[in-house]
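Everything on this sheet refers to the single structure shown next.
Predicted, not measured: the structure shown is a model, and the values here were computed from it. Residue numbers start at 1 and run along the sequence shown.
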Amino acid sequence: QKNSRYMVLETRVSNLGAQALYEKYGFSRNGVRRGYYSDNGEDALVMITDVLSLPSYQELFHRLKKAHEGKWGTSEIVLS
């Protein structure tokens with residue numbers, strides 16, 4: 001809806017559960033931000049999606065959305 005090309009996020013390098021979840025939703029590892037977290041100086045893993053308009057990403061998104069709705073009901077997530 002916002003004409004975004006892709007999504008980027010950071011997660012702690014120690015947060016393996018979050019990394020697995022984000023990979024499930026189409027994010028891949030893209031880099032590291034050294035000392036990103038001010039509380040303990042931990043590095044952040046940068047993760048990014050493919051270009052959102054690519055057919056391969058659209059297929060992944062719609063498959064995951066359908067699975068989510070099957071488990072939790074209708075969602076308001078829209079990706080064009």
Side-chain angles (χ1 to χ4, degrees):
Q1 287 179 331
K2 304 268 184 204
N3 294 321
S4 298
R5 292 191 48 156
Y6 50 87
M7 293 183 282
V8 178
L9 58 78
E10 296 91 13
T11 185
R12 292 178 184 268
V13 294
S14 64
N15 194 343
L16 301 179
Q19 293 170 35
L21 176 68
Y22 299 144
E23 287 172 345
K24 174 183 174 181
Y25 285 94
F27 286 84
S28 60
R29 297 158 193 248
N30 186 260
V32 174
R33 293 193 175 147
R34 302 280 177 215
Y36 183 78
Y37 291 96
S38 61
D39 62 336
N40 65 357
E42 185 174 0
D43 296 343
L45 178 63
V46 179
M47 302 183 78
I48 189 169
T49 62
D50 284 337
V51 175
L52 300 175
S53 60
L54 286 176
S56 59
Y57 190 82
Q58 289 287 311
E59 181 181 328
L60 171 66
F61 178 82
H62 291 293
R63 182 171 45 82
L64 291 168
K65 182 178 177 186
K66 186 174 182 173
H68 182 272
E69 288 174 347
K71 184 172 183 177
W72 302 103
T74 305
S75 80
E76 296 299 319
I77 300 171
V78 176
L79 182 63
S80 54

**OP:** Would you check if R33 and E10 make a side-chain contact, meaning some heavy-atom pair closer than 4.5 Å?
**Re:** yes
Subject >> Heavy-atom pair of closest approach, residues E42 and S14 >> reply: OE2-OG, 2.6 Å
**OP:** Please name the pair of heavy atoms, one in T11 and one in A18, separated by the smallest distance, quoted to 0.1 Å.
**Re:** OG1-CB, 3.6 Å
Subject >> R12 bridged to D39 by N-O distance under 4.0 Å >> reply: yes
Subject >> Shortest non-hydrogen contact from L52 toward Y6 >> reply: CG-CA, 3.7 Å
Original post:
Mind checking what makes side-chain contact (heavy atoms from CB on, under 4.5 Å) contact with S28, not counting sequence neighbours?
Top reply: I48
Original post:
Under a 4.5 Å cut-off applied to non-hydrogen side-chain atoms, are V8 and V46 in contact?
Top reply: yes
Subject >> Cluster link L21 to L16, ILVMFWY, side chain under 4.5 Å >> reply: no
**OP:** Group every Ile, Leu, Val, Met, Phe, Trp and Tyr by side-chain heavy-atom contacts under 4.5 Å, then state whether V51 and Y22 land in the same group.
**Re:** no
Subject >> Residue pair Q19 / R29, side-chain donor-acceptor N/O under 3.5 Å >> reply: yes
Original post:
Which distance, rounded to the nearest 0.5 Å, do you find between the NE2 of H62 and the NZ of K66?
Top reply: 12.0 Å
Subject >> Closest non-hydrogen atom pair between Y25 and Y57, with its separation >> reply: O-OH, 3.5 Å
Original post:
Which atoms form the tightest heavy-atom contact between L60 and G26, and what is the distance?
Top reply: CD2-CA, 3.5 Å
Original post:
Under 4.5 Å between side-chain heavy atoms, hopping through other hydrophobics if needed: is there a path connecting M7 to V32?
Top reply: yes
**OP:** Please report the shortest heavy-atom distance between D50 and L54, naming the atom on each side.
**Re:** CB-CD1, 4.2 Å
